**Student:** 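Could you have a look at this structure, given as structure tokens, before my questions?
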Amino acid sequence: MIKLTLPDGGILEVENGATVLDAAGQISRSLAKIAVCGVSDGKMVDLSTALTRDTSLRIVTEKDPEALEVLRHTTAHIMAQAVKRLFSPVAVAIGPAIDNGFYYDFDLDHTFSDEDLATIEKEMRNIIKENIPITRRTLSAREAQDYFHEKKEPYKEELLRDIPPEEPISLYEQGDFSDLCRGPHLPATGRVKHFRLLSVAGAYWRGDEKNKMLQRIYGTAFFSGEALDDHIRAMEEARMRDHRKLGKQMGLFHIEPDFGPGLVYWLPKGAFIRRKLEDYLIDELIRAGYSIVNTPHISKSDLWKTSGHWNFYRENMFSPITIDEEEYLLKPMNCPFHVLIFKNETRSYRDLPVKTAEFGTVYRYERSGVLHGLMRVRGFTQDDAHIFCRPDQLHQEIMDLIAFTKRVLHVFGFEKFDVYLSTRPEKYVGELEQWDIATRALEEALKDTGLDYTVDPGEGVFYGPKIDIKIRDSLNRSWQCTTIQVDFNLPQRFDIHYIGDDGEPHRPIMIHRALMGSLERFFGVLIEHYAGAFPAWLLPVHAKILPIADRHLDYAGRIKDALSNSGVYADIDSRNEKVGKKIRDAQVTEKVPYMLIIGDKEEEEKTVSVRSRTGEDLGSFTLDDFTRLVLDDIRLKR
RNA sequence: GCUGGUGUGGCUCAGUGGUAGAGCAACGGUUUCGUAAACCGUCGGUCAGCGGUUCAAAUCCGCUCACCAGCUCCA
């Protein structure tokens with residue numbers, strides 16, 4: 001007998017050699033039914049794993065988050081098996097579980113179509129019906145090499161070469177299919193029930209564009225039909241919220257693909273919202289001690305040579321413009337200009353930190369395949385700022401920035417963030433020692449604010465490491481907006497300094513930061529986050545007045561004027577339409593916060609009937625009460 | 001940039017070799033209406049662009065551009 005320590009601290013005695021499933025069954029029959037795998041000694045193991053010594057054991061069930069990973073991984077194997085049954089020859093590459101599902105990469109001559117997905121799905125259902133046991137066996141590196149060589153799986157052979165020789169190599173087999181895999185897996189194909197293949201796309205082998213492009217099939221799987229349906233519904237919801245769709249429908253922005261892909265036109269309503277965002281932010285910036293500046297859109301290439309952009313960022317810059325035989329470049333960043341503003345006067349250590357902020361419009365060349373609505377464009381406006389500070393101020397400034405960022409993002413209802421610390425990339429400028437100091441400063445600030453963060457090795461900018469804060473929106477999707485970057489390099493390149501209390505010149509440290517990131521992207525995120533239903537404080541129309549018949553137009557006009565005098569923006573739908581149609585347009589298409597329905601009754605009682613865009617009838621209001629309601633919304637930014 | 005798909009009036013889409021269609025929007029009228037689409041009529045397209053095949057091309061072929069799903073990259 002051996003002793004198993006369970007998560008609750010209890011000890012379970014089982015026979016030496018009993019499997020994880022046996023142990024689960026010994027705890028309870030129902031547990032064994034929903035068991036997916038086990039965690040023993042901190043390692044995920046199959047249900048069929050034999051236990052041969054005293055150890056800790058936790059049974060992972062369908063309710064645990066890790067279980068989905070196992071399910072999806074197994075579903076990926078079933079998909080690969082189906083593809084191998086249907087097509088030949090096929091080489092399989094990798095097929096992991098990912099955030100919302102799984103994928104598998106294949107190399108074959110036939111190109112998959114959507115019809116193929118249906119066929120593959122059908123074959124997968126066959127495999128599931130066959131309820132094939134999934135078994136694991138381990139073999140030596142040599143055996144594995146021979147095995148996959150014989151099976152003509154060159155990608156597996158390549159993967160094998162990267163596995164350290166001392167590590168055991170495991171193979172998972174289900175009937176006519178086998179795969180190199182760490183596992184664990186479900187015990188049989190029949191355990192997979194609710195899945196869906198979603199799309200097919202190209203993907204480079206190992207994500208490197210120098211390698212061959214493979215075909216990737218994406219899919220997802222869940223333990224219950226409801227969970228799968230929920231997920232499909234959420235995908236549908238995300239499609240409905242797509243900022244490109246809503247932007248068109250609501251008249252927020254526009255792009256002219258024929259006259260400049262990735263270049264954004266802010267339509268009146270979108271431009272109004274942008275102005276409100278800018279006003280709000282400028283207010284906050286001034287309060288936080290920033291100076292608002294404006295700088296040119298182009299400058300001579302010399303500036304970009306000095307800054308290092310010409311060497312390290314050229315592939316993202318637009319081609320030079322020649323003016324009076326001099327070469328000018330469109331700015332991809334604002335930082336060199338802010339450095340020049342700093343340099344424009346002699347700075348004392350007492351002046352520091354100097355904080356310059358600008359809504360600076362920059363242009364970056366992006367490869368044609370990556371443009372995406374407002375999220376990825378070629379011209380955008382950053383809510384950019386640069387902080388020039390003394391070394392002893394660095395830590396506090398970063399702390400302040402993180403707090404400032406959180407405060408502003410909370411206003412928009414963003415409560416959850418993913419924080420990344422990106423370290424030195426392959427192409428970089430400056431000395432290693434300074435990179436270390438900068439990276440440490442960011443890391444310490446992160447630790448001191450108590451934020452959880454992930455290190456992203458090699459993902460920093462060429463001049464310094466950075467903290468990226470990704471926003472989770474209302475659908476729990478993640479967007480990168482905020483970035484905080486420490487830079488020792490530009491101050492050096494431009495030879496800027498301040499006079500210290502010792503009367504000597506000293507080099508300041510520079511922090512680059514963008515909070516919303518780009519106004520375009522932030523706007524896109526907001527559209528999807530709010531599903532187009534912007535809070536009143538950002539909107540050009542707070543209330544749509546909907547007269548029932550033409551004879552109410554006079555009263556409608558008087559209401560509009562009265563509201564306007566108290567700072568509530570109202571519009572009248574004076575079209576010759578029935579009120580149902582006016583409601584539909586105001587609520588569904590325009591998403592105006594309030595609709596004021598007025599007819600004989602309202603005119604008689606000097607009231608308005610208020611309907612919210614959520615569809616709720618809020619009842620009859622006096623004009624004063626309604627004004628107060630809207631002004632409260634605006635004041636509280638709700 | 002790469003792989004696959006798509007490109008038809010302002011919008012959403014039908015039309016697979018034989019004279020370009022629908023709904024919505026716009027415009028003109030009728031109707032004056034009580035909480036998610038009234039009715040009638042009118043206008044509007046060198047079918048992304050260029051070239052080719054054909055008696056004949058939105059439709060078949062080639063190139064270019066753009067968009068979409070990804071890969072890669074990033075605010």
Side-chain angles (χ1 to χ4, degrees), chain A residues 103 105 111-114 116 198-218 239 242 244-245 248-249 251 254-262 313 315-316 332-334 360 362 364-384 422 459 461 466 468-470 479-483 485 512-522 524-525 546-553 575-589 595-602 609-613 615-619:
Chain A
Y103 68 79
D105 288 347
T111 49
F112 290 129
S113 65
D114 286 349
D116 291 333
L198 297 171
S199 60
V200 52
Y204 298 106
W205 166 237
R206 300 198 144 180
D208 188 333
E209 62 186 275
K210 288 187 208 76
N211 290 338
K212 181 164 186 186
M213 182 160 280
L214 311 172
Q215 296 187 65
R216 173 173 298 178
I217 300 178
Y218 285 93
R239 258 194 295 280
D242 190 313
R244 293 165 298 185
K245 179 186 156 83
K248 194 175 279 185
Q249 177 193 315
H254 173 224
I255 290 169
E256 292 275 357
D258 291 342
F259 300 111
Y313 205 70
E315 64 203 33
N316 283 295
M333 294 188 193
N334 305 297
V362 298
R364 296 184 186 174
Y365 171 73
E366 296 288 352
R367 301 158 109 191
S368 60
V370 305
L371 301 176
H372 180 87
L374 292 175
M375 303 303 191
R376 192 70 184 279
V377 293
R378 284 183 172 155
F380 58 98
T381 302
Q382 294 182 304
D383 64 321
D384 207 359
S422 301
E459 291 302 310
V461 206
K466 61 173 179 172
D468 284 330
I469 300 179
K470 296 192 183 178
W479 300 102
Q480 190 189 327
C481 295
T482 304
T483 178
Q485 311 171 347
H512 309 239
R513 60 105 268 200
L515 202 164
M516 296 179 178
S518 96
L519 294 178
E520 283 76 5
R521 179 178 289 178
F522 196 75
V525 171
L546 312 180
I548 303 249
D550 287 352
R551 65 175 177 281
H552 307 118
L553 280 172
R575 294 175 305 168
N576 180 3
E577 294 286 356
K578 295 170 90 165
V579 73
K581 167 72 166 164
K582 294 182 182 182
I583 285 171
R584 187 185 167 85
D585 287 346
Q587 182 174 323
V588 179
T589 309
M595 285 152 278
L596 306 181
I597 291 124
I598 57 168
D600 292 338
K601 183 168 82 86
E602 288 76 14
S609 283
V610 182
R611 180 186 165 102
S612 125
R613 66 183 158 197
E616 198 184 347
D617 186 349
L618 302 181

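Here is the naming used below: chain letters follow the sequence lines, and residue numbers restart at 1 for every chain. Everything numeric here is computed off the predicted structure, so don't read it as measured data. Only heavy atoms go into these numbers, but all of them, side chains included; no hydrogens, no water, no symmetry mates.
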**Student:** With a 3.5 Å cut-off and heavy atoms only, can you find an N or O donor on one side and an acceptor on the other between the side chain of A:R206 and the base of B:rC71?
**Tutor:**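 There is none.
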**Student:** Indicate, yes or no, whether a donor-acceptor pair under 3.5 Å links the base of B:rG1 to the side chain of A:Y365.
**Tutor:**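 There is none.
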**Student:** Have a look at A:F112 and say if it touches a base, only the backbone sugar-phosphate, or nothing, with a 4.0 Å heavy-atom cut-off.
**Tutor:**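 Here A:F112 touches no strand at all.
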**Student:** Which part of the nucleic acid, if any, lies within reach of A:G369 when heavy atoms closer than 4.0 Å are counted: base, sugar-phosphate only, or nothing?
**Tutor:**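 Since a base atom lies under 4.0 Å of A:G369, the category is base.
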**Student:** Just compare B:rU35, B:rG34, B:rA38 and give me whichever is closest to any side-chain atom of A:D617.
**Tutor:**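 The answer is B:rU35.
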**Student:** Which one of A:H372, A:R376, A:R378 satisfies the side chain to side chain donor-acceptor pair (under 3.5 Å) criterion with A:E366?
**Tutor:**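 Per the side chain to side chain donor-acceptor pair (under 3.5 Å) rule, the option paired with A:E366 is A:R376, out of A:H372, A:R376, A:R378.
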**Student:** Please give the distance between the C1' atoms of B:rG70 and B:rA38 as a whole number of Å.
**Tutor:**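 Approximately 46 Å lies between the C1' atom of B:rG70 and that of B:rA38.
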**Student:** Taking CH2 from A:W205 and P from B:rG70, how many angstroms apart are they, rounded to a whole number?
**Tutor:**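 Computing the A:W205:CH2 to B:rG70:P distance gives 22 Å.
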**Student:** Could you work out the separation of B:rG18 and B:rU32 based on their P atoms and round it to a whole Å?
**Tutor:**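 49 Å, rounded to whole Å.
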**Student:** Please evaluate the base of B:rC73 for a donor-acceptor partner in the side chain of A:R376 within a cut-off of under 3.5 Å?
**Tutor:**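 Such a pair exists between side chain and base.
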**Student:** Is it the case that the base of B:rG34 and the side chain of A:E602 share a donor-acceptor contact (distance under 3.5 Å, atom types as modelled)?
**Tutor:**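 Looking at the base of B:rG34, it does pair with a donor or acceptor on the side chain of A:E602 (distance under 3.5 Å).
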**Student:** Need one value for A:H372: base, sugar-phosphate or nothing, where a base atom within 4.0 Å counts as base even if backbone is also close, heavy atoms only.
**Tutor:**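 Sugar-phosphate contact only.
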**Student:** Can you check the distance between B:rU3 and B:rG10, where both ends of the measurement are the P atom (answer in whole Å)?
**Tutor:**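 33 Å, rounded to whole Å.
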**Student:** Kindly say whether, by distance alone, the side chain of A:Q485 makes a donor-acceptor pair under 3.5 Å with the base of B:rA75?
**Tutor:**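 Answer no: no donor N or O sits under 3.5 Å from an acceptor.
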**Student:** With C1' as the reference atom in both, quote the distance from B:rC24 to B:rG17 in angstrom, rounded to an integer.
**Tutor:**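 Pairwise C1' distance, B:rC24 against B:rG17, rounds to 31 Å.
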**Student:** When all nucleic acid strands are considered with a 4.0 Å heavy-atom cut-off, which category describes A:E366: base, sugar-phosphate, or nothing?
**Tutor:**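 Contact class for A:E366: base.
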**Student:** Any N or O donor-acceptor pair linking the side chain of A:R367 to the base of B:rU72 at under 3.5 Å?
**Tutor:**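 Result: at least one qualifying N/O pair found.
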